[in-house]
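Let me begin by presenting the structure, written as structure tokens, before commenting on it.
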Amino acid sequence: MPGPAPAALFGSPVPGYAAPPDTTTQAARTPATLIGVIADGVRAGRLTEPAELPEVVRADLAPIRESFAPTLSAPMLAQAMAAWMQLFGMVSFELFGQLNNGVNARREFFDHQVRTLARQLGL
């Protein structure tokens, strides 16, 4: 059976819409994988702890950290979330034509940006 349409995973939320569990499970794969990679890097001592977070942000992240990334510090989780947002932003721009008439070498552009993002994370 085919998966959900790209807009269901990458588009803007629709007010009042509750996504079916099969789409939320699929949508969670990428951030879960990214958190796993970062957690492995932390365990291996390969990642540098990011700058401290404002206390209000740390408080906002506490339930997310407890549920999805208990082995990551709040600053590391914030950094992982920013990477996830950048990655999905790039995918969204590609899917919805925002790069049309601007970037023709999309594969090379995406590969370069992902390598840059990985360096920023310390991977």
Side-chain angles (χ1 to χ4, degrees):
M1 172 165 46
L9 291 176
F10 299 102
S12 298
V14 176
Y17 173 73
D22 63 325
T23 61
T24 57
T25 299
Q26 290 180 41
R29 287 182 185 158
T30 301
T33 300
L34 181 60
I35 286 171
V37 168
I38 291 173
D40 288 347
V42 168
R43 275 192 296 278
R46 302 209 30 146
L47 299 181
T48 303
E49 189 66 25
E52 273 304 311
L53 294 172
E55 190 55 43
V56 65
V57 175
R58 183 181 287 277
D60 282 347
L61 293 180
I64 298 168
R65 187 170 163 258
E66 184 177 308
S67 295
F68 299 104
T71 63
L72 296 183
S73 67
M76 192 63 77
L77 174 60
Q79 187 166 301
M81 289 175 67
W84 174 50
M85 288 184 265
Q86 290 174 352
L87 179 61
F88 270 45
M90 289 187 293
V91 170
S92 178
F93 264 55
E94 170 66 19
L95 287 174
F96 297 105
Q98 298 298 319
L99 299 176
N100 293 349
N101 302 315
V103 177
N104 294 318
R106 292 195 176 108
R107 178 181 303 271
E108 293 83 357
F109 178 78
F110 187 81
D111 288 350
H112 170 75
Q113 294 303 328
V114 169
R115 282 191 303 276
T116 299
L117 184 56
R119 276 193 303 278
Q120 290 171 346
L121 288 168
L123 300 174

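Worth saying up front: this structure is predicted, and the values here are computed from it rather than measured. Computed over heavy atoms, backbone and side chain alike; hydrogens, waters and symmetry mates excluded.
- Two residues are said to be in side-chain contact when any heavy atoms from C-beta on lie closer than 4.5 Å; L87 and F110 meet this criterion.
- A74 approaches L61 most closely through the heavy-atom pair O-CD1, 3.7 Å.
- Contact of the L72 side chain with the Q79 side chain is not registered, since no non-hydrogen atoms from C-beta on lie closer than 4.5 Å.
- The OG atom of S92 sits 14.0 Å away from atom CE of M85, with the distance rounded to the nearest 0.5 Å.
- Placement of L95 and L99 in two distinct hydrophobic clusters is found when ILVMFWY residues are connected by side-chain heavy-atom separations under 4.5 Å, directly or transitively.
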| Between R58 and R65, is a side-chain contact (heavy atoms from CB on, under 4.5 Å) present by the stated rule, with each step listed? | CA-CA 9 Å; R58 183 181 287 277; R65 187 170 163 258; over 6 Å; no

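- Once rounded to the nearest 0.5 Å, the distance linking CD of E94 with CZ of R107 reads 10.0 Å.
- Proximity of N100 to R106: side-chain heavy atoms (C-beta onward) are separated by under 4.5 Å at one or more points.
- The nearest pair of heavy atoms linking P75 to A51 is CB-O, 3.4 Å.
- Considering all non-hydrogen atoms of both residues, T71 and A39 come closest at OG1-CB, 3.7 Å.
- Interatomic distance, OG1 of T30 versus CZ of F88, reported as 4.0 Å (0.5 Å rounding).
- One distance of note links CH2 of W84 with CG of L77; it measures 10.5 Å at 0.5 Å rounding.
- Here the side chains of H112 and E108 are not in contact, with every heavy-atom distance at 4.5 Å or above.
- Considering every non-hydrogen atom in both P50 and M76, the closest pair reads CD-CE, 3.6 Å.
- Hydrophobic cluster membership differs between M90 and V103, with clusters built from Ile, Leu, Val, Met, Phe, Trp and Tyr side chains linked at under 4.5 angstrom.
- Following chains of ILVMFWY side-chain contacts shorter than 4.5 Å, one cannot reach F93 starting from L117, and the two form parts of different hydrophobic clusters.
- Hydrophobic clustering, with ILVMFWY side chains joined whenever heavy atoms are under 4.5 angstrom apart, keeps V114 apart from F109.
- One finds the CG atom of L47 at 9.0 Å from the CD atom of E49 (value rounded to the nearest 0.5 Å).
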